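Structure record follows, encoded as structure tokens.
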There are 2 protein chains.
Amino acid sequence: MTGAWLRTGEVAEAAGVNAQTLRYYHRRGLLREPRRSNGGHRLYPPETVTALRVIKAAQRLGFTLDEVADLVEAGGHRHGRPDRGLQARAVAKLTEVEQKIADLQTIRETLLQAVDAGCDDLMACAASSCCPLPFAELTEGGRRADVD
Amino acid sequence: MTGAWLRTGEVAEAAGVNAQTLRYYHRRGLLREPRRSNGGHRLYPPETVTALRVIKAAQRLGFTLDEVADLVEAGGHRHGRPDRGLQARAVAKLTEVEQKIADLQTIRETLLQAVDAGCDDLMACAASSCCPLPFAELTEGGRRADVD
DNA sequence: TTGCATCCTGTACCCCGGTACAGGCTTACC
DNA sequence: GGTAAGCCTGTACCGGGGTACAGGATGCAA
């Protein structure tokens, strides 16, 4: 089973990422360093392409690269750990995503109101209070802004 | 009318921002440079606090600082320009926000499916295709990812 | 006048997810 | 064995929105 090793560029192209990104993921601990040729060139097993697709999928689901690194790690040595990573983390991420959707919907409402009100100069509106824009600090009265 | 000038720290505190942020906004063209004391200290009119609140409100609505700078500028010399900035831009931003909501809802669905399916190791799932996660490139078949 | 808080400028740094470049070595093919 | 494409390393840079720090000048009150 020595016929299928892939070089950096081949892996990158197959997974649809930049070759530099591979090195970056090694640095970030998302990919293990593969074996090397005598001359020092990396030689990847074909599964690496799958690993990259997994990483990209997780990113699309809103996980940061640090979180992805955790997930991969958790998947790796999940040999009887009580952790059971993926489920719990997916649920947590789901909550985050739902919060973000709610936030954006608030923003949407506000924009709609602003358009309806037809105001045309922010400073003038702020002065005359004709405008429904939330000039007061939302971040103190409502939910915290430092969360996202 | 010379009793109400505010110093940098006073403005910053009244508006709930860091004093350094004021300098940053000057650099970005979001605030005009105010008058100075003999010694070179900035002396702001009280409206500056309102201006800062407006900027923060616009940010909360999803405008970037560059966009806010445009909006402020447009509001300022809107003396017969055909531009009529705020309305058009608010509508455009509304579209963006709605797109983001739609994207997040797709992500939400996918996460829900992943949780339902109960898979626990990304790599294993990717290999066995038991898992409903979109490991293939969504970004090519579906909507473009370079938009946001 | 002295002392301390505040302010000034310029510059560097932070996070995040990469991307680019320089200068040199390896591999693959003819 | 020559040559071009590809790969190696280290380092610097991008954008977005700030924050921090150094070293010096001012402002204000006692």
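Everything quoted here is computed from the prediction, not taken from an experiment. Numbered from 1 within each chain, the chains take letters A, B, ... in sequence-line order. These numbers come from the heavy atoms of this one structure, side chains and all, not from hydrogens, waters or symmetry mates.
Under 4.0 angstrom from either OP1 or OP2 of D:dT26 there lies no side-chain N or O belonging to B:Ser37. In terms of phosphate contacts, B:Arg36 brings a side-chain nitrogen or oxygen within less than 4.0 Å of OP1 or OP2 of C:dT9. The side chain of A:Arg28 contributes an N or O atom lying less than 4.0 Å from OP1 or OP2 of C:dG17. A:Gln59 has a side-chain polar atom (N or O) that falls below the 4.0 Å cut-off from OP1 or OP2 of C:dG18. OP1 or OP2 of D:dG18 sits under 4.0 Å from a side-chain N or O of B:Lys56.
Distances were taken from every side-chain heavy atom of B:Thr21 (C-beta onward) to each of D:dG6, D:dG18, D:dG27; the shortest belongs to D:dG18. When each of D:dC8, D:dC21, C:dC7 is scored by its nearest atom to the side-chain atoms of B:Thr8, the top-ranked nucleotide is C:dC7. Taking the side chain of B:Asn18 as heavy atoms from C-beta on, and the options D:dT19, D:dC7, C:dA20, the nearest nucleotide is D:dT19. Candidate nucleotides D:dC7, C:dC7, D:dC8 were compared by shortest atom distance to the side chain of B:His41, and C:dC7 ranks first. You'll find that the side chain of B:Arg42 is closest to C:dC8, out of C:dC8, D:dT26, D:dG18.
Sequence order on DNA chain C of the closest nucleotides to A:Tyr25 and B:Gln20 puts B:Gln20 first from the 5' end.
One can place CG of A:Leu43 at 11 Å from C1' of C:dT27, the figure rounded to the nearest angstrom.
B:His26 and B:Arg32 get closest at one heavy-atom pair: CE1-O, 3.1 Å.
Evaluation of atom-type donor-acceptor distances gives no pair under 3.5 Å for the side chain of B:Arg27 against the base of D:dG18.
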